[in-house]
Amino acid sequence: MKIYCAVRFDQEENENGHYQDCTFATCSKCGNETMSWGTSDASLRRCFFIMREECPCGENNLYAEE
């Protein structure tokens, strides 16, 4: 099933105490949120990959940007 996610770009504090650009994706079906460092297309794909691997509903969905 294809599920759409809201995507936002922000900054988070990393383990070294510095703020770094990151990408967030939020599942429109269950509200689960994933984060990846960076704001490239690869960062967004990583968010979707993590979302699929860690789905709290145990589903095996495909995710895309709204």
Side-chain angles (χ1 to χ4, degrees):
M1 177 183 284
K2 189 173 191 176
I3 305 292
Y4 291 98
C5 296
V7 175
R8 69 181 170 90
F9 303 100
D10 206 344
Q11 291 189 334
E12 284 287 314
E13 188 174 352
N14 64 22
E15 59 274 353
N16 297 322
H18 298 105
Y19 281 90
Q20 186 174 339
D21 291 338
C22 57
T23 301
F24 291 90
T26 304
C27 178
S28 62
K29 185 173 180 181
C30 72
N32 185 39
E33 183 177 74
T34 58
M35 187 274 287
S36 292
W37 297 112
T39 57
S40 67
D41 287 341
S43 298
L44 182 56
R45 286 192 306 271
R46 185 169 190 281
C47 280
F48 294 153
F49 176 80
I50 294 169
M51 185 92 55
R52 186 174 183 170
E53 292 292 309
E54 299 178 354
C55 177
C57 300
E59 297 178 357
N60 195 17
N61 299 312
L62 295 176
Y63 296 94
E65 186 174 3
E66 285 184 321

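Here the structure is a predicted model, which is why all the values come from computation and not from measurement.
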Report the distance from atom [atom1] of [X] to atom [atom2] of [Y], rounding to the nearest 0.5 Å.
| X | Y | atom1 | atom2 | result |
| --- | --- | --- | --- | --- |
| Ser36 | Arg45 | OG | CZ | 11.0 Å |
| Glu13 | Gln11 | CD | CD | 11.0 Å |
| Glu53 | Cys55 | CD | SG | 10.5 Å |

Provide the closest heavy-atom pair for [X] versus [Y] in the form atom of the first, atom of the second, distance.
| X | Y | value |
| --- | --- | --- |
| Cys57 | Cys30 | SG-CB, 4.0 Å |
| Thr39 | Thr23 | CA-OG1, 3.4 Å |
| Ala25 | Cys5 | CB-CB, 4.3 Å |

query: Transitive ILVMFWY cluster of Ile3 at side-chain heavy atoms under 4.5 Å: who else is in it?
result: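 Listed partners: Met1, Val7, Phe9, Leu44, Phe48, Met51, Tyr63.
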
- request: Show which residues join Met35 in its hydrophobic cluster (side-chain heavy-atom contacts under 4.5 Å, direct or indirect), or state none.
  value: Phe24, Trp37

- request: Could you pull out all residues at least two apart from Asp10 that satisfy salt bridge (charged side-chain N to carboxylate O under 4.0 Å, His left out)?
  value: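 With neighbours one apart ignored, the set is Arg8.
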
- request: Output yes when a side-chain donor or acceptor of Asn14 lies under 3.5 Å from a complementary backbone atom of Asn16, and no otherwise.
  value: yes

query: Counting only N and O atoms by type, is there a donor-acceptor contact under 3.5 Å from the side chain of Thr26 to the main-chain atoms of Glu33?
result: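 A pair under 3.5 Å: no.
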
- request: Compare all side-chain heavy atoms of Arg52 with those of Asn61 and state whether any distance is below 4.5 angstrom.
  value: no

